[in-house]
Undergrad: 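Can you keep this structure in mind? I'll have questions shortly.
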Amino acid sequence: MPEILTAENLCFSYEKEKAILKQFCLGVDKGEFVGLIGPNGSGKTTILKLLSGFLLPESGNVLLDGKNICQLSSRQRAIKLGVVSQLIAAVMPFTVKQVVEMGRTARLSPLLPLRQQDNEAVCCALNEMDIFEIRNKLFNCLSGGERQRTIVAAALAQEPEMLLLDEPTSALDLGHKLRLMGLLKALQHRGMTVMAVSHDIELMARFCDRLILIKNGSVLAAGTPSEVIKPELIRQAYGCAVSVISGNNGEPLISAEEVQIK
Amino acid sequence: MNKTRQNIIIFGVLPALLLISVFCGLSFGVTWISPAEIFNTPSDELASALISLRITRVATAFTVGGSLAVAGSAYQTVLRNPLAEPYILGISGGASLGAAVAIISGLSAFTLLAVPGMAFIFAMLALAVVLIMARGRFTEYSENILLSGVVVGAICSSCLMFIISTLNHYELNSVTWWMLGSLQAANVKMLYAAITVMLAGTLLLTFHGRQANVISLGEEMAHNMGIVPFRTVIILLCTASLMTGVSVALAGIISFVGLIVPHISRRLFGADHRRLFILNLICGGIFLTVCDIFSRVLMEAQEIPAGVITALIGGPFFIWLLNRRVRKNA
């Protein structure tokens with residue numbers, strides 16, 4: 001499978017002489033489901049923002065479908081790449097449906113109303129994220145989980161070829177967490193490429209084809225979940241001793257060996 | 001509010017209010033002119049001149065109120081702060097300083113565009129200083145921007161006072177009259193220019209309404225949804241500042257219209273900027289026209305500047321909004 005998203009030697013820092021990424025490289029194949037895991041502050045969100053073109057690297061390139069992401073127009077980029085960023089708060093009183101409709105912005109002319117295909121995409125996204133019933137509620141009056149599902153729905157309404165998600169399950173209950181990951185898996189089977197950042201290693205191990213373990217802005221390990229989730233690698237990345245056992249479906253499950261309470 | 005009620009307000013209540021406020025604006029004042037006299041040819045020249053003056057006044061009130069409401073709505077969207085408003089952000093202060101500089105330097109004698117032009121340039125400068133001063137982590141940014149606005153407004157006001165203190169008698173007279181602010185436009189050409197800016201600005205903002213909706217969710221969301229945040233922000237801020245600058249050049253500082261009207265409009269019509277800018281224009285126009293009527297009739301044989309009325313309503317409204325925000329965040 002050809003690569004849909006490629007990061008070539010990315011260097012980035014927020015402050016001078018405090019590099020977050022040094023010569024970071026990454027490739028995501030079309031139709032793949034990739035999980036980006038790593039401890040707090042390892043640079044996962046920064047990588048996602050660079051891959052989405054929101055941040056510009058000091059050096060290096062991000063290629064989307066073989067083209068430099070900076071050279072694509074914002075509309076072209078948004079049609080190919082949907083991004084779910086971390087939780088946001090709306091200042092203006094938009095309804096859930098209005099926020100999801102905003103996902104169609106790249107496909108619409110400035111003043112014309114939504115066409116039939118736009119309404120269908122919005123309706124489908126609302127149903128898939130289980131928020132159709134609350135579509136007329138105000139976004140800023142929702143719970144964290146409902147807001148998160150709304151943002152994911154907006155990205156789904158974009159109908160992109162690839163989805164980048166930054167901690168999409170952090171505010172979700174167990175049921176919605178599993179439902180979302182199941183939906184992402186189903187989208188992968190329909191041909192979409194998915195890349196998600198998460199702290200939930202077991203969830204990622206269960207659903208992703210490939211995991212990339214990040215530490216201090218560089219790749220510590222990459223491969224299938226069973227290749228990456230090993231006690232030694234987890235200890236190196238997170239600084240804690242764990243044991244790894246196999247679940248019913250062969251997915252790795254982590255158990256902390258000892259917890260020190262000071 | 002459901003769509004049926006919104007439609008009743010948009011297509012029934014608003015046009016009715018607009019007509020009533022315009023006719024009241026033409027009729028009320030030191031001398032009462034009945035609607036029949038307005039429609040029929042006035043019997044004497046004095047009545048005719050009075051109606052002509054009142055038409056200019058109502059048009060000025062509508063233009064200034066509408067422009068400030070639309071500008072306030074744009075600032076609130078871009079800065080993601082419902083308390084942002086041209087006066088509170090110091091932009092009206094900057095514009096008034098620019099207008100005063102144009103009058104004192106004699107530029108206004110050369111061209112009609114000098115006062116609104118300088119008001120616009122100084123409004124943009126004030127906005128730039130506010131944005132630079134407010135820079136910080138995003139969570140603080142929204143709050144910092146109000147504090148920076150107050151500081152910039154105070155600095156502009158001090159500069160204006162310093163300039164006034166150095167003026168001779170003639171210059172002092174012309175600047176003082178302008179500073180007092182009046183909705184009776186002395187220059188009809190300036191009023192036409194302001195109407196043009198109001199209509200063109202509102203249309204431009206409405207054209208960018210969909211982008212304005214997305215930008216209010218934050219720059220990252222806007223980027224992800226296929227918008228160039230920087231370009232959209234610049235278009236919205238420059239248009240809002242031009243509308244503010246021209247309004248200040250025409251009528252002096254009129255505070256809080258850009259705060260009260262967009263807030264009420266959002267409550268009534270929702271947050272979709274594709275129609276909200278136009279609705280703000282109409283609501284802002286009606287609001288200031290009504291305030292102007294009160295300014296004429298509240299005290300017998302004396303006018304209260306319309307800015308005083310808007311400040312008396314807007315001040316408590318601002319405190320109420322601020323308290324509501326604090327309670328919400330607690």
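Fair warning: this is a prediction, and the values are worked out from it, not measured in the lab. So you know, we letter chains A, B, ... as the sequences are listed, proteins then strands, and number each from 1.
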Undergrad: Looking only at non-hydrogen atoms, find the nearest pair between A:Phe94 and B:Ser216 and report the distance.
TA: CE1-OG, 3.1 Å
Undergrad: Does atom OH of B:Tyr87 have more than 12 heavy-atom neighbours, drawn from other residues, nucleotides or ligands, at distances under 6.0 Å?
TA: no
Undergrad: So for A:Arg77, is it side chain, backbone, both, or neither that comes closer than 4.5 Å to the heavy atoms of chain B?
TA: side chain
Undergrad: Apply side-chain contact (heavy atoms from CB on, under 4.5 Å) to A:Met92 and B:Gln76, showing your working.
TA: CA-CA 9 Å; A:Met92 301 297 161; B:Gln76 287 160 21; 4.0 Å; yes
Undergrad: Within a 6.0 Å radius of atom NZ on A:Lys97, are there more than 12 heavy atoms belonging to other residues, nucleotides or ligands?
TA: no
Undergrad: Decide side-chain contact (heavy atoms from CB on, under 4.5 Å) for B:Asp272 and A:Gln98; before the verdict, give the C-alpha distance in whole Å, the side-chain angles of both, and the deciding distance to 0.1 Å.
TA: CA-CA 8 Å; B:Asp272 189 346; A:Gln98 281 175 321; 3.9 Å; yes
Undergrad: Do the side chains of A:Met102 and B:Met221 get nearer than 4.5 Å, heavy atoms only?
TA: no
Undergrad: Just how far is it from atom CD of B:Gln211 to atom OG1 of A:Thr105, taken to the nearest 0.5 Å?
TA: 8.0 Å
Undergrad: Can you tell me if A:Gln116 has over 12 outside heavy atoms packed within less than 6.0 Å of its CD?
TA: no
Undergrad: Might you confirm whether atom NZ of A:Lys137 has over 12 heavy atoms from other residues, nucleotides or ligands at distances under 6.0 Å?
TA: no
Undergrad: Tell me, for A:Ile151 versus chain B, whether the close heavy atoms (under 4.5 Å) come from the side chain, the backbone, both or neither.
TA: side chain
Undergrad: More than 12 foreign heavy atoms under 6.0 Å from CZ of B:Arg231: is that the case here?
TA: no
Undergrad: What do you reckon, is CZ of B:Phe207 surrounded by more than 12 foreign heavy atoms closer than 6.0 Å?
TA: no
Undergrad: Considering all heavy atoms of both residues, which atom of A:Val99 and which atom of B:Leu217 are nearest to each other, and what is their separation?
TA: CG1-CD1, 4.3 Å
Undergrad: Counting only non-hydrogen atoms closer than 4.5 Å, does A:Leu112 touch chain B with its backbone (N, CA, C, O), its side chain (CB onward), both, or neither?
TA: backbone
Undergrad: Would you call A:Lys49 and B:Glu220 a side-chain contact if the rule is heavy atoms closer than 4.5 Å?
TA: yes
Undergrad: Could you tell me which residues in residues 222-230 of chain B have at least one non-hydrogen atom under 4.5 Å from a non-hydrogen atom of chain A, sorted by residue number?
TA: B:His223, B:Asn224, B:Met225, B:Gly226, B:Ile227, B:Val228
